[in-house]
Amino acid sequence: MAMIKDEWIKKGCIDEPAPEGTDLKAEIRRMCREKDAVIMAHYYTVGDVQDVADFIGDSLALARRAAATEAGTIVMCGVHFMAETCKLLCPGKTVLCPDLNAGCSLADSCPAEELRRFRLEHPGHKVVSYVNTTAAVKALTDVVVTSGNAERIVAALPADDKLIFGPDRNLGAYVSAATGREMLLWHGGCHVHERFTAAAVRRMREARPDAVVMAHLECGADVLALADVKGSTAVMLDYAAAHPDKAYIVVTEAGILHEMRRRCPDTEFLPVPPGDGTGGGRNECEYMKLNTLTKLYNTLKYGWPEVSVPAGIAREAVKPIEKMLSLS
């Protein structure tokens, strides 16, 4: 293996330029074949990364792909907890992450030690954790959920189970209302989806009353109340593909537009900007955007950064993920 420089280790990524004239996409695909690697990318990453990936999807789809892949190396272009999830499901495989700085505000909002204390304060409760959590939090969890299956899984749990749901309070509140289950909600949130406001959605709807409003379940209740379609990124994509003759106001991270437009090239998709909407712009996750073609190229070239999970945590953390997959 090539030497990993100290400066790269400090930065948590390798972003040195490729040799002049390198076709990054072609070289990335060549190295995947040579190194028995697959690239998985979330819908919120930049379009160039999605274009070169073997699989793109939401958290649930990528977890399923990771569990099923036969490749020896998985390169996860997303955020750090997604790479951890791949490692938990595939402990014998090499899991690479183009930039270790690609964190998650939701995962950060629920430190493992705080959740451990909360569980002790509420004995007899089971923990339902959103997939947007660290491996250490998953190790304290009874079942993991995603935005695509949370309602179904919570509804399937025994009616007398007392539940803690975390860390996304918006998703938890939606699931609680949809299922009628009372749950203790952790007070966490996604910084991207919390930037969406009802005022911005109303402003766009007034301008385009013909458009269908689609909103992710990580949005606040006031935003979801204005949506015609509520769900995960996969739900939004499937709905648009089934109704390509409509126009859409999209209330989730703007990276999803790349796949929406690829599937429905003649459909109009209108991203809701952050805040009250008057400033325009795109509401994007800066962590997801840390995944670039150059970093992906270097990750394959050098086989680094590699993601690992301590054995004791991994042993417990994989159990709620496997339970989720068995119930999905």
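None of the values given here were measured: they were computed from a predicted structure. In this chain, numbering begins with 1 at the start of the sequence shown.
Residues E194 and R169 are paired through a salt bridge, judged by an N-O separation under 4.0 Å between the basic side chain and the carboxylate. We find that D276 and R202 are not joined by a salt bridge, their nearest charged nitrogen and carboxylate oxygen being 4.0 Å or further apart. Between E27 and R30 there is a salt bridge, with a side-chain nitrogen of the basic residue lying less than 4.0 Å from a carboxylate oxygen of the acidic one. With respect to the salt-bridge test (charged N to carboxylate O, under 4.0 angstrom), the residues K295 and D15 do not qualify. A salt bridge links K289 with E253: the closest approach of a Lys/Arg side-chain nitrogen to an acidic carboxylate oxygen falls below 4.0 angstrom. Salt bridge absent: R117 and E113 never bring a charged side-chain N and a carboxylate O closer than 4.0 Å.
Heavy atoms of other residues, nucleotides or ligands lying less than 6.0 angstrom from NE2 of H122 number more than 12. Atom CD of E7 has more than 12 neighbouring heavy atoms from other residues, nucleotides or ligands inside a 6.0 Å radius. Atom NZ of K35 is surrounded by more than 12 heavy atoms from other residues, nucleotides or ligands within 6.0 Å.
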Exercise. Which is it for E268 and R261 under the salt bridge (Lys or Arg N to Asp or Glu O under 4.0 Å) test, yes or no, and what are the steps along the way?
Worked result: CA-CA 8 Å; E268 187 176 12; R261 289 166 177 160; over 6 Å; no
Problem set entry | Test log, rule side-chain contact (heavy atoms from CB on, under 4.5 Å), inputs R208 and Y248 | CA-CA 9 Å; R208 291 297 304 270; Y248 295 94; over 6 Å; no
For this session: Could you give me the CA-CA distance, side-chain angles and deciding distance for I28 and L293, then say whether side-chain contact (heavy atoms from CB on, under 4.5 Å) is met?
Result: CA-CA 8 Å; I28 286 168; L293 277 185; 3.8 Å; yes
For this session: Show the numbers, then the answer: is there a side-chain contact (heavy atoms from CB on, under 4.5 Å) between N149 and M324?
Result: CA-CA 9 Å; N149 63 22; M324 173 190 74; 3.4 Å; yes
Problem set entry | Candidate pair D23 and R29, rule salt bridge (Lys or Arg N to Asp or Glu O under 4.0 Å), full reasoning | CA-CA 10 Å; D23 182 333; R29 294 311 318 163; over 6 Å; no
For this session: Apply the test salt bridge (Lys or Arg N to Asp or Glu O under 4.0 Å) to residues E259 and R262: give CA-CA distance (whole Å), side-chain angles for both, the deciding distance (0.1 Å), then the verdict.
Result: CA-CA 5 Å; E259 178 64 7; R262 188 190 71 80; 2.8 Å; yes
Exercise. Passes side-chain contact (heavy atoms from CB on, under 4.5 Å), I153 versus V143? Steps please.
Worked result: CA-CA 9 Å; I153 288 178; V143 62; 4.0 Å; yes
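Side chain of N298 to backbone of T294: a donor-acceptor contact under 3.5 angstrom is found. The main-chain N or O of A71 is found under 3.5 Å from a side-chain atom of K93 such that the two form a donor-acceptor pair. Under a 3.5 Å cut-off, the side chain of K319 and the backbone N or O of D142 do not form any donor-acceptor pair. Side-chain atoms of S176 do not come within 3.5 Å of backbone N or O of A173 as any donor-acceptor pair. One N or O on the side chain of Q50 and one on the backbone of Y43 form a donor-acceptor pair closer than 3.5 Å. Between the side chain of N283 and the backbone N or O of P274 there is no donor-acceptor pair closer than 3.5 Å. A donor-acceptor pair under 3.5 Å is absent between the side-chain atoms of E284 and the main chain of E286, judged by distance alone. The backbone N or O of C13 sits nowhere less than 3.5 Å from a side-chain atom of D99 that would complete a donor-acceptor pair. For the pair T179 (side chain) and R181 (backbone), a donor-acceptor distance under 3.5 Å is present. Counting only distance, with no hydrogens or angles, the side chain of K11 and the backbone of N101 share no donor-acceptor pair below 3.5 Å.
Residues Y130 and W186 have side chains not in contact (no heavy-atom distance under 4.5 Å, counting atoms from C-beta outward). Residues L184 and F165 fail the side-chain proximity criterion, which asks for heavy atoms closer than 4.5 Å. Taking the side chain as every heavy atom from C-beta outward, E70 and D36 never approach each other to under 4.5 Å. A 4.5 Å side-chain heavy-atom check between D58 and L62 finds every atom pair outside the cut-off. C32 has its side chain within reach of L300: a pair of non-hydrogen atoms, C-beta onward, lies under 4.5 Å apart. Annotation: side chain of L217 is in contact with side chain of K230 (closest heavy-atom distance under 4.5 Å). No side-chain heavy atom of I56 sits under 4.5 Å from any side-chain heavy atom of H42. Proximity of M236 to F269: side-chain heavy atoms (C-beta onward) are nowhere separated by under 4.5 Å.
Between the side chains of K138 and T133, at least one donor-acceptor pair of N or O atoms lies under 3.5 Å. With 3.5 Å as the limit, one finds a donor-acceptor pair spanning the side chains of T252 and Y44. Between the side chains of H193 and D168, no donor-acceptor pair of N or O atoms lies under 3.5 Å. Side chain to side chain, H216 and T233 fail the donor-acceptor criterion of an N or O pair below 3.5 Å. In this model, no donor atom of one side chain and acceptor atom of the other lie less than 3.5 Å apart for S147 and S232.
Here the closest non-hydrogen pair linking A135 and A317 is O-CB, 3.3 Å. Closest approach of R205 to L226, counting heavy atoms only: NH1-O, 2.8 Å. Scanning both residues, S109 and P167, for their nearest heavy atoms gives OG-CB, 3.6 Å. Heavy-atom minimum distance, F196 versus C219: CD1-SG, 4.0 Å. Among all heavy-atom pairs drawn from C110 and V137, the shortest one is O-CG2, 3.1 Å. Heavy atoms only, all atoms of each residue included: P98 and L296 are closest at CB-N, 4.3 Å.
Atom CG in L290 sits 11.5 Å away from atom OG1 in T45 (nearest 0.5 Å). Residue R203 holds its CZ atom at 7.5 Å from CD of E206, rounded to the nearest 0.5 Å. Summarising the geometry, atom CG belonging to L89 is positioned 7.0 Å from atom CD belonging to E322; distances are rounded to the nearest 0.5 Å. To the nearest 0.5 Å, the span separating CH2 on W304 from CD1 on I9 amounts to 5.5 Å. Rounding to the nearest 0.5 Å gives a distance of 11.0 Å between SG of C190 and CG of L171. Within the model, atoms CD1 of I74 and OG1 of T85 stand 11.0 Å from one another, a figure rounded to the nearest 0.5 Å.
V192 and M260 fall into different hydrophobic clusters, where Ile, Leu, Val, Met, Phe, Trp and Tyr residues are linked whenever their side-chain heavy atoms come under 4.5 Å apart, directly or through other members. The hydrophobic clustering, which links ILVMFWY residues whose side-chain heavy atoms are closer than 4.5 Å, places I313 and F81 together. The cluster map of Ile, Leu, Val, Met, Phe, Trp and Tyr, joined by side-chain heavy atoms under 4.5 Å apart, puts L325 and V144 in the same cluster. Hydrophobic clustering of Ile, Leu, Val, Met, Phe, Trp and Tyr side chains at less than 4.5 Å, counting indirect connections, keeps L140 apart from L163. Linking ILVMFWY side-chain heavy atoms closer than 4.5 Å, directly or via other members, places V79 and V75 in two distinct hydrophobic clusters.
With ring centers used as reference points, H191 lies under 6.0 Å from Y287. Taking the ring centroids of W8 and Y302, they lie under the 6.0 Å cut-off.
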